[in-house]
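Scroll down for the structure; my scribbles are underneath it.
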Amino acid sequence: MMRSGPGRIRMKLLVLSGAAAGRSFSLDHKEYVVGKAPTCDIILEDKTISRQHLKLEVHDEHVLAVDLESRNGSFFEGMRFSQLELRPGSIVTLGTTELKLVPEDTRERSMVLSGRDRFGALVGKSRKMREAFTLLERMAPGGSDVLIHGETGTGKELCAEGLHNESKRAKGPFIIVDLAGIAPSLIESELFGHVKGAFTGALADRAGAFERAAGGTVFLDEVGELPLDLQPRLLRVLERRQVKRVGANDYRTVDMRVVAATHVDLEGAVKANKFRRDLFHRLAVLRVTLPPLRERPEDIPLLIDTVLGRMGRPPSDLSDQTRALLSQYPWPGNVRELRNVVEQVVNLGEEALPEMPPLPGGEVSSGGGGGGGGGVDLDLPFKDAKERLIEGFERDYLKGLLERCEGNISRASREAGIDRVYLRKLLRKHGLDSGGESA
């Protein structure tokens, strides 16, 4: 048995997905064989895993993972490897099983990830989305209020509607209040209602959003925009389920669930005295974060096909080259922007593709110090090194292509076997497009 010593980090494997999800294996010995054979040290019941799939060599601060010529391969961040140093926090995929290396004394436990690729109208099969789906599946059946955090365009309203539709209140109303889109003077009436004559224009009694949502769910979009003077009233709704209409004397009891969403850092707003601390802690008892699209690019093909399906169009409506370009774009507008671009490209053609932002400095460092694309900066994280290598290859290939074709874009497009519009986008990305057209 391996003893703990100075500089030694005792580690274990958490099984995040697959048939053994939820289990953990302590790495106390120097070497382990992982596979489905009964003779393996770590046995995983997964039909897509080889009998002897992976060897683990345990060192003081890392684990060396060696693929044993497995049939389906071993993967890290979507890339197949034959040998790789794993550090605490690394996640490898064998077949349908994901394994995470963590310190033995960590409080982190293996959370069985959702096997779904959608929750309501939210779509994704990346790890980050499945982590979100796992939380949402647990939150939906209960009646507790939920706070959703995410950038604009990540699908917060779809998330809230999914929580409503998978709850016991699904047959009740789903009331949306966009606090960023309502004039501050009207927010109080919109939320709490008013009685006749409470203010100029109040010609009749009107129930607010909380009352109208009886038996259902209220979705407060951009709750960070709620004026400070109204925040205590929202806190009372959350804690006591009571509302008082503008101009009324008595409180009414309301029966509804509140799902709030924000794209701003509410904790930062609390520190800046722009949001009440007690309200934040009451809202954030249950919270989930929707990741931006740039952090889950592996979901882009599925999202594209989903948009096409909702348009009644086949996947073949977008070429492989268009899909490749869409996968490289950073998507500042997230899924909403992707949906809009796909619809524009289908209806207007590939000229509607977004412009790729230029790379920093207009140059790509190959890490080899020479300007060729063959060097790799081994000091970079794996994902960054891979992206830099790909960018270096693209730039070098395009430069050679242009020289060979004497700047003739049409000829270069034919020789490379890629669409001219796509070629233009790549040239602009790498700062190689002079702006003219040589035909």
Side-chain angles (χ1 to χ4, degrees), residues 73 75-82 293-294 297-301 303-305 308 313-332 337-338 341-342 344-439:
F75 294 83
F76 175 74
E77 293 191 352
M79 294 290 289
R80 186 168 183 166
F81 67 86
S82 57
L293 189 53
R294 63 181 175 277
E298 60 269 44
D299 286 336
I300 290 176
L303 288 164
I304 290 173
D305 289 340
L308 290 173
R313 310 295 287 263
S316 58
D317 268 15
L318 289 186
S319 68
D320 290 342
Q321 292 134 354
T322 297
R323 289 171 178 269
L325 185 64
L326 293 177
S327 294
Q328 294 181 49
Y329 187 67
W331 299 112
E337 184 184 10
L338 172 64
V341 168
V342 170
Q344 289 169 3
V345 171
V346 168
N347 289 303
L348 303 176
E350 294 189 337
E351 290 293 344
L353 284 168
E355 292 294 336
M356 290 294 294
L359 296 170
E363 292 288 339
V364 177
S365 171
S366 65
V376 180
D377 189 342
L378 299 179
D379 293 330
L380 288 173
F382 175 85
K383 186 176 181 181
D384 294 341
K386 178 184 73 173
E387 289 177 353
R388 184 165 294 188
L389 188 63
I390 291 172
E391 288 170 350
F393 159 76
E394 283 182 357
R395 181 174 176 82
D396 290 348
Y397 179 87
L398 293 170
K399 286 176 69 176
L401 179 67
L402 287 179
E403 290 174 6
R404 191 167 66 250
C405 297
E406 300 177 336
N408 187 312
I409 300 299
S410 298
R411 179 182 161 195
S413 171
R414 290 192 299 271
E415 287 203 13
I418 57 179
D419 183 85
R420 192 166 71 173
V421 173
Y422 177 50
L423 177 59
R424 277 283 193 199
K425 304 287 184 183
L426 286 177
L427 291 173
R428 287 171 187 157
K429 170 187 173 184
H430 291 279
L432 298 174
D433 187 2
S434 63
E437 175 67 50
S438 179

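Values in this document were obtained by computation on a predicted structure and should not be read as measured data. What you see below is based on every heavy atom in this structure, not just the backbone, and it leaves out hydrogens, waters and symmetry mates.
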Once salt bridge (Lys or Arg N to Asp or Glu O under 4.0 Å) is applied, do any residues pair with [X], and if so which ones, sequence neighbours excluded?
X: E355; value: K425, R428
X: E415; value: R404, R411
X: E337; value: none
X: D317; value: R313

Minimum heavy-atom distance between [X] and [Y], given as atom pair plus value:
X: I409; Y: R420; result: CG2-CG, 3.5 Å
X: S319; Y: E350; result: OG-OE2, 3.2 Å
X: P301; Y: P297; result: CD-O, 3.9 Å
X: L326; Y: P354; result: CD2-CD, 4.3 Å
X: P315; Y: D305; result: CB-OD1, 3.7 Å
X: C405; Y: A412; result: SG-CA, 3.6 Å

Nearest-0.5 Å distance that lies between atom [atom1] in [X] and atom [atom2] in [Y]:
X: L401; Y: I418; atom1: CG; atom2: CD1; answer: 7.0 Å
X: L308; Y: L303; atom1: CG; atom2: CG; answer: 11.0 Å
X: R323; Y: L318; atom1: CZ; atom2: CG; answer: 5.5 Å
X: L325; Y: L426; atom1: CG; atom2: CG; answer: 6.5 Å
X: I304; Y: L338; atom1: CD1; atom2: CG; answer: 5.5 Å
X: E394; Y: L427; atom1: CD; atom2: CG; answer: 10.5 Å

Counterpart residues, ring-ring contact (aromatic ring centres under 6.0 Å, His included), relative to F81 (two or more places apart): none
I'd like to check the ring-ring contact (aromatic ring centres under 6.0 Å, His included) partners of Y329; sequence neighbours left out, ordered by chain and number. W331
Any non-hydrogen side-chain atom of L402 less than 4.5 Å from a side-chain atom of L398? no
